[in-house]
Protein chains: 2
Amino acid sequence: MFKLSKKADYGLIAVKHLAMHREQHACSAGEIAEEYGISATLMAKVLQKLAHHSLVAAKHGSSGGYQLIKDPGQISTLDVISAIDGPVLITSCVTNHGNCDATEKCSVREPLRRVNESILEVLGSVTISQLSEEPHEQALVALRT
Amino acid sequence: MFKLSKKADYGLIAVKHLAMHREQHACSAGEIAEEYGISATLMAKVLQKLAHHSLVAAKHGSSGGYQLIKDPGQISTLDVISAIDGPVLITSCVTNHGNCDATEKCSVREPLRRVNESILEVLGSVTISQLSEEPHEQALVALRT
DNA sequence: AGTATATACGACTGAATCGGTCGCAGATAG
DNA sequence: CTATCTGCGACCGATTCAGTCGTATATACT
């Protein structure tokens, strides 16, 4: 397949929620989870990963929760996705050491890597603050032949 | 994660191989598989899917094999990938009926759908014949703010 | 101090998916 | 009529994923 995981999905939801409630109180994982009908423990896990990658700050204790560290305009969807799911690699052979590299006939790798970079560029260009904007009818990218 | 499956990978390899040997004899699944060190039965399975989506033509019997139907410049990587792995959907909630749609608070769907379309555009713009070209140092897409 | 409420972290489980194999049927060239 | 090839579906093992649970720890409020 080619879809992002549910956890990354939840991560985007959480970050967007935090962006909307920025500068207010810190939002707890349970608070966010309840609003979107997601398990509280699972949401906590997702937020922990985001905190571990310094996207959000965790505040312990009563009336604690999570808060955005960076500006919503400075956080890209790629940041969130890669924080939760790890690096985005379209080519599956990067992890297989020596297998694909051994067969040098496989000339499909390099062009795919370029496609991968294009996708990274798309994901990296969409910020969290843009997730709240009005949907433009135009496409997000223009293809360069 | 966010990578394409090995089968889609093999599919791209196979289509590229067929593109290079176009107008020659039909290539059997075993022939292609052996060249790249892939299981013959698995490659056959991949090619069957491609044939089912009218990307390649299957020729039965002795000295049979597969041949490209369309021009390599008319086949996009998206065609191959979606033929094997199904439609490319970045949002996992499209398949979950009623779950995400019920909670209308989830305002992250629509922007993600636009990102998805951008990715589709990237994949759809890269043709099989372009897989053989020289790697350009420039990116494949220009971001439009 | 003590309690309620949060996060932090890791182990665990059940389900789904994926990569890959096998066997058999049908078509075709020689 | 036989060898070779596709077509198809069932099948299996491994991996990954979504989600849960238990426990430790930090903080606010009383």
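Proteins get letters first, then strands, A, B, ... in listed order; numbering begins at 1 in each.
Between the CG atom of B/Asp9 and the P atom of C/dC18 there is a distance of 14 Å, rounded to whole Å. Per the geometry, CG belonging to A/Leu50 stands 14 Å off C1' belonging to C/dA8, to the nearest Å. Atom pair B/Gln48:CD and C/dC24:P shows a separation of 17 Å (rounding to whole Å applied). If you take CD of B/Glu34 and P of D/dC5, they are 11 Å apart, rounded to a whole angstrom. Atom CD1 of A/Ile38 and atom P of D/dT20 are 11 Å apart (whole Å). Taking atom NZ on A/Lys3 and atom P on C/dC18, their separation rounds to 8 Å, with Å as the unit. A/Lys45 places its NZ atom 11 Å from the C1' atom of D/dC17, with the value rounded to the nearest Å. Atom-to-atom, CG of A/Asp85 to P of D/dC17 comes out at 7 Å; the value is rounded to the nearest Å.
Of the candidates C/dA29, D/dA18, C/dG20, the closest approach to any side-chain atom of A/Lys6 belongs to D/dA18. Across D/dA28, D/dT20, C/dG19, the shortest atom-to-atom separation from the side chain of A/Lys59 is found for D/dA28. Residue A/Lys7 has its side chain nearest to D/dA18 when only D/dA18, C/dT21, C/dA8 are considered.
When the side-chain nitrogen and oxygen atoms of B/Tyr10 are compared with OP1 and OP2 of C/dG20, one or more of them lie within a distance under 4.0 Å. Under 4.0 angstrom from either OP1 or OP2 of D/dA26 there lies no side-chain N or O belonging to A/Ser62. Contact check, B/Ser39 against C/dT21: a side-chain N or O comes under 4.0 Å of OP1 or OP2.
Taking CG of B/Leu4 as the reference point, atom CG of B/Leu12 lies at 7.0 Å (rounded to 0.5 Å). Here the CG-NZ distance, from B/Leu55 to B/Lys49, works out to 13.0 Å after rounding to the nearest 0.5 Å. The CD1 atom of B/Ile128 lies 9.5 Å from the NZ atom of B/Lys16; values are rounded to the nearest 0.5 Å.
Residue B/Gly30 is classed as having no contact, given no heavy-atom separation below 4.0 Å to the nucleic acid. Note on A/Ala58: only backbone sugar-phosphate atoms sit closer than 4.0 angstrom, heavy atoms only; bases stay farther off. Within the 4.0 angstrom heavy-atom criterion, only backbone atoms of the sugar-phosphate kind lie near B/Ala29; the bases stay farther away.
The number of heavy atoms from other shown groups lying within 6.0 Å of NE2 (A/His25) is above 12.
Two residues, A/His60 and A/Thr41, neighbour DNA chain D, and the one matched to the more 5' nucleotide by heavy-atom proximity is A/Thr41.
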Dump the intermediate steps for side-chain contact (heavy atoms from CB on, under 4.5 Å) on B/His52 and B/Gln48, then the final yes or no. CA-CA 6 Å; B/His52 198 256; B/Gln48 281 164 28; over 6 Å; no

